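We're numbering straight along the sequence, starting at 1. All figures in this text were calculated on a predicted structure; none of them were measured in a lab.
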Amino acid sequence: MTQNLSKIRNIGIMAHIDAGKTTLTERILYYTKKIHKIGEVDDGSATMDYMPQEQERGITITSAATVFNWNNYEIHLIDTPGHVDFTIEVERSLRVLDGVVTVICAVGGVEPQTETVWHQADKYDVPRIAFVNKLDRVGADFERAVSMMKDRLGASPVPIQIPMMNGGDFEGVIDLLRMKAIVWDVESKGETFKIVDIPNNFAEYAQKAHNSMTEIAAEQDETLLEFYLENDFLDEKQIIAGLRKGTILNRIVPTLCGSALKNQGVQPVIDAIIDFLPSPLDVPPITGVNPETGLEEFRNPKIKDPLCALAFKVIMDQGRKSVFVRVYSGELNSESEVYNATRGIKERVARLFLTHANKREKIKSACAGSIALVVGLKDTRTGDTITSTGAPLVLESVQTYLPVISIAIEPQTRSDQEKLIFCLEKIAQEDPTFVYSENQETGQLLISGMGELHLEIIVDRLRREYNVEVQTGKPQVVYKESVSGIAEARVVFDREIHDVRHFGDITLSVRPGTRGSGFVFAVSDPVKELAPELISNVENGAREATLAGALAGNEVVDLVVNFVAIGPEPFLMSPLGVKVAASQACREACEKASPVVLEPFMSVEVVVPDEFVGEVIADLNSRHGRLEDVAPRGKISVLKAVAPLANMFGYSTSLRSLTQGRGIFSMQYSHYDVKQ
């Protein structure tokens, strides 16, 4: 591993499902000599799709990491899924990456999940370049794809290449930086290519695009702009410097084009990763909170600084736990002791590895700026911060998503009952969006996730990886509860348990919170001066009461609980008495405050030919969907709606039937609201 941080790139590949992420990744690995044979997604031989479920379905399910070299640069690459059910894989990858290659289909343009992952990258302010793929396909339109990036993503794409299209056939690209045409030799699997003069019929088009690119590059830097205004010219290095600055500041998106499947246009993407995406030195120092002082601190990407790393992904390999970490500062060494600042515990690093999909290469240390796999961190979870023992810092964690769909699950044999719980815990450690729970009233074991495919994959993994045969029930929606009114309750709890008196006298009020606010605890002025331990016991009691609501035993959310008053003899109250009184007061107040059931609503985007728009809208209305927008796009329309998840089961079959198989849709969690 290199210790020259300017020579490191941490990048990801992201896109809508089937845009060609994994196909592009395979070619990148082939041309950088990381692999010696190109694997294909369609026949299940792609290197980065190593899970049996990925190979059978031809989709990426889990993000896979690899590292390779190109022109003396060390590039750490993560290939992410495109399916919305596995969006947590994109989220936690973007949390630790310095740059991203966004793959856009030249036929489909900016598709629904492209928008989702783009906005995820916006959240973490990750610089991006774009690759318009599949220019060999019928209906490919490079300019339309670029226009959609502006309209739908709010991006500022800057083409640094344009395609040479001849009657619908893709013949190569024009490199606007060097003003040359590049034509790939298909017979050599794209390994060889010719750099030739731009054909006359493309000269005017290319010059216009070159001038536009040059102006944008000059605008990114005052010195360059001054030079450009004086000379009306920038050379190749100046253009690259300007575009690089604009990319790192997230002002622009350098855009390339090609056909990954036909091995055309891939090598320039690797060059662009180096030219335009940031090294660890180009991004701001990582900031976090010192758990001992509560003050914000930062860490520079320097090897001599104290260790600071973020655990962003946990994997189970044959039941053994490994943790992917991004090292932000210092050096992580094998056989060393580290501190989990998030949990306040010491951990032991047994071994360190660089990964190539499911293969591992043992290393002795991982320096600032790199991504490594750690074995030995027994209690570390996704989102935890690993630091030097004497310099703790807690970084922003990885945002997770609430599971929105559940199915009942049970083992086929009694002997598998305990084993099943053990296996579910292993999977839950890997996947923060997966939850399992037992219904105390029915004894039914439920597994919850982001969608039907998500849970289908988990059940399949139980059978294949853990040899646990299970039966599943009908999918159930995860409902929650809240209140729609304001109410107050006072509870006096006074009981003797094992000759010890437990007494509490607590008054609480409840009111609805804003949607998505969860549980909010407030303290009124008359009780603000009470001991912090007592207030904490009141809050804990109220929180416990929200675990099961009055209507159907669902979790109570979007609730503001106010600690109004305490009885006249607080010195006689015990911690347990206070906690129980607060729990009962919260429960009683919720029962009085007009409780309501909340259900998950999904953002639905349907792309259909114009002739089926009426039928699709009518079907959405019948599912209590609320239509928000109808956007024409050529001969098709894009419908955006919000609909209850409970009414969307089996929608794919219904949509295919309504549109003669021509409609497609994507669906993702939007919010919880009152059940209709």
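The aromatic rings of H671 and F601 lie parallel to each other, with less than 30° between the two planes, well short of the 60° mark.
Without hydrogens or angle criteria, R95 side chain to E396 main chain gives a donor-acceptor distance under 3.5 Å. With E481 contributing its side chain and L551 its backbone, the two residues share a donor-acceptor pair below 3.5 Å. A donor-acceptor pair under 3.5 Å is absent between the side-chain atoms of D558 and the main chain of G513, judged by distance alone. For the pair N647 (side chain) and P644 (backbone), a donor-acceptor distance under 3.5 Å is absent.
Heavy atoms of other residues, nucleotides or ligands lying less than 6.0 angstrom from NZ of K123 number more than 12. Within a 6.0 Å sphere centred on CZ of R495, other residues, nucleotides and ligands contribute 12 heavy atoms or fewer. Counting heavy-atom neighbours within 6.0 Å of R343 CZ, excluding the residue itself, gives a total above 12.
A donor atom on one side chain and an acceptor atom on the other are found under 3.5 Å apart for D431 and H454. No side-chain donor-acceptor contact under 3.5 Å links E555 and Y479. Counting only N and O atoms by type, the side chains of S583 and R543 include no donor and acceptor under 3.5 Å apart.
We find that K321 and E430 are not joined by a salt bridge, their nearest charged nitrogen and carboxylate oxygen being 4.0 Å or further apart.
The distance from atom CG of L94 to atom CG of D125, rounded to the nearest 0.5 Å, is 11.5 Å. Going from atom OG of S93 over to atom CD of Q120 covers 9.5 Å, rounded to the nearest 0.5 Å. Rounded to the nearest 0.5 angstrom, R152 CZ and E115 CD are separated by 4.0 Å. Atom CG of L455 sits about 5.0 Å away from atom CD1 of I407, to the nearest 0.5 Å.
Side-chain contact between I506 and I566 is present, with heavy atoms from C-beta onward closer than 4.5 Å.
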- Under the side-chain hydrogen bond (donor to acceptor under 3.5 Å, both in side chains) criterion, do S524 and N562 qualify, and how do the steps go? CA-CA 7 Å; S524 297; N562 190 27; 2.8 Å; yes
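Put simply, the residue from D379, T380, T385 that forms a side-chain hydrogen bond (donor to acceptor under 3.5 Å, both in side chains) with N340 is T380.
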